[in-house]
Amino acid sequence: MSGCQVGGTPSQITGVATGAAVNHETPAKEAVLAFVEAFNKRDLDGMVRCVQGAKNSEPLRKLFATEPNIPTIIVTVTGETPTATGAVVTLTSRYVSKPPSTPEAERKEDVVLIKEGGDWKIVPLKNPSSEPGFVVGIATIVSQPEMVFSQAKSAAKKTSCLSNIKQIALGMLLYMNDHDDKFPKTTVGLETVLNPYLKNNQLWKCPEDTGTGPSYAFNPALAGKNATAIEQPAMTVMAYEGKEGKLAYRHRGMAAVAFTDGHAKMFTAENAKTLRWTIK
């Protein structure tokens with residue numbers, strides 16, 4: 001089977017795409033159903049045949065090998081709109097995890113297809129900026145597995161960085177609990193000051209930071225201050241990713257920030273304008 005075709009009879013495929021019987025006069029819909037069927041059967045070569053730009057299934061084999069509980073996708077096709085070069089298939093999608101648990105809520109999505117020669121191909125996202133629907137998301141993985149693996153690694157490093165700064169902030173709170181709720185008198189050498197509470201020097205290094213020295217710094221406005229002097233602890237910066245009052249946006253334009261109440265989150269340069277650096 002060279003193109004993106006539905007395997008089996010129409011009655012067999014109807015169960016794959018709940019509520020959407022196969023109509024042989026709408027090949028774009030069939031291509032989407034064929035892709036879903038291939039995914040659910042773990043037919044990696046079949047998935048590749050259905051996606052524009054997909055070249056081989058070997059990277060997918062590595063992904064499937066590391067993820068034994070990949071869910072089953074259920075789709076309901078609700079419409080198809082012709083375009084100059086292909087069609088847009090409108091559907092809802094959801095997944096059912098293995099072992100069975102509560103199914104993911106349905107998502108509405110538009111799947112763009114293009115006709116290449118005699119085959120219909122799903123057009124993947126080139127630069128996904130938000131979480132796509134299940135069918136489009138999987139198609140994007142099929143076409144660009146290397147990018148997806150790279151993004152997964154970046155996401156893991158981002159999570160690690162956020163965890164680091166949160167633990168550092170909690171270490172500071174433990175220190176203050178032993179020192180009359182006061183911050184250290186200086187922000188210099190805090191790795192040594194907090195070591196009895198953190199006991200892990202690796203926490204001071206962001207996995208994306210290739211430079212020397214610690215990846216995180218403390219807000220100097222807090223030096224020697226009592227916690228009771230801080231009017232808005234949930235909004236006042238305690239520690240941040242960077243140095244000398246400047247955030248280092250190492251995670252796709254985001255930097256980790258911890259607040260004086262102990263919580264931490266990522267900020268873009270635009271959102272960082274709202275950060276509070278003074279205690280009053």
Side-chain angles (χ1 to χ4, degrees), residues 63 66-69 97 101 104 128-131 137 141 146-179 181-184 186-223 225 227 230 232-277 279:
L63 176 62
T66 59
E67 296 291 343
N69 296 320
S97 61
S101 63
E104 178 78 12
S129 57
S130 60
E131 189 175 359
I141 293 174
E146 295 82 5
M147 180 198 71
V148 173
F149 287 132
S150 175
Q151 289 181 342
K153 290 180 180 178
S154 295
K157 291 179 180 179
K158 175 182 174 182
T159 299
S160 177
C161 178
L162 193 61
S163 175
N164 285 352
I165 201 168
K166 183 175 177 63
Q167 291 184 68
I168 289 171
L170 293 178
M172 176 61 79
L173 294 180
L174 291 172
Y175 168 91
M176 294 172 67
N177 188 57
D178 289 341
H179 294 81
D181 285 337
K182 289 184 178 180
F183 287 92
T186 177
T187 57
V188 178
L190 288 183
E191 301 98 301
T192 301
V193 172
L194 297 183
N195 185 58
Y197 304 94
L198 299 176
K199 298 178 181 179
N200 184 357
N201 287 332
Q202 293 182 347
L203 293 176
W204 293 92
K205 201 67 178 177
C206 167
E208 292 280 18
D209 185 4
T210 58
T212 58
S215 303
Y216 313 102
F218 277 80
N219 181 0
L222 302 177
K225 298 296 191 296
I230 303 171
Q232 296 179 297
M235 298 176 64
T236 305
V237 175
M238 177 198 288
Y240 60 95
E241 183 179 3
K243 59 182 179 180
E244 298 179 355
K246 296 181 179 180
L247 271 62
Y249 300 98
R250 302 186 180 100
H251 308 280
R252 297 181 181 270
M254 304 188 80
V257 177
F259 297 84
T260 55
D261 68 343
H263 86 279
K265 62 185 295 186
M266 287 285 177
F267 279 82
T268 63
E270 183 63 27
N271 292 338
K273 295 177 182 179
T274 65
L275 292 174
R276 187 183 182 91
W277 296 86
I279 62 175

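Index from 1, following the sequence. Heavy atoms only: backbone and side chains are in, while hydrogens, waters and symmetry mates are out.
- When side chains are defined from C-beta on, M238 counts as touching L222, because their heavy atoms get closer than 4.5 Å.
- Between atom CD1 of residue I165 and atom OG of residue S160 there is a gap of 12.0 Å, rounded to the nearest 0.5 Å.
- Between P233 and T260, the shortest heavy-atom contact is O-OG1, 2.7 Å.
- Proximity of L275 to Y240: side-chain heavy atoms (C-beta onward) are nowhere separated by under 4.5 Å.
- The minimum heavy-atom distance between C161 and A256, with the atom names listed, is SG-CB, 3.9 Å.
- When every heavy atom of A269 is checked against every heavy atom of Y249, the shortest pair comes out as CA-OH, 3.3 Å.
- Rounded to the nearest 0.5 angstrom, T186 OG1 and F218 CZ are separated by 11.5 Å.
- With sequence neighbours excluded, the residues satisfying side chain to side chain contact (heavy atoms under 4.5 Å, CB included) with N271 are F267, T268.
- Distance check: L170 CG to L194 CG gives 11.0 Å after rounding to the nearest 0.5 Å.
- Residue D261 comes nearest to H263 through the heavy atom pair OD1-ND1, 2.6 Å, listed as atom of the first residue, atom of the second, then distance.
- Heavy-atom contacts from other residues, nucleotides or ligands closer than 6.0 Å to NZ of K182 number 12 or fewer.
- Looking at L203 and Y216, their side chains never come closer than 4.5 Å, going by heavy atoms from C-beta outward.
- Partners of E208 according to the side chain to side chain donor-acceptor pair (under 3.5 Å) rule, which considers only residues two or more places apart in sequence or in another chain, do not exist here.
- At a threshold of 4.5 Å between non-hydrogen side-chain atoms, the residues H251 and C206 count as touching.
- Separating the NZ atom in K157 from the CZ atom in R250 is a distance of 12.0 Å, to the nearest 0.5 Å.
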Enumerate donor-acceptor pairs with a distance under 3.5 Å from any side-chain N or O in residues 171-178 to protein atoms, sequence neighbours excluded.
from: D178; atom 1: OD2; to: Y197; atom 2: OH; distance (Å): 3.0

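- Distance check: T192 OG1 to N201 CG gives 8.0 Å after rounding to the nearest 0.5 Å.
- Between N219 atom CG and R276 atom CZ the span is 11.0 Å, to the nearest 0.5 Å.
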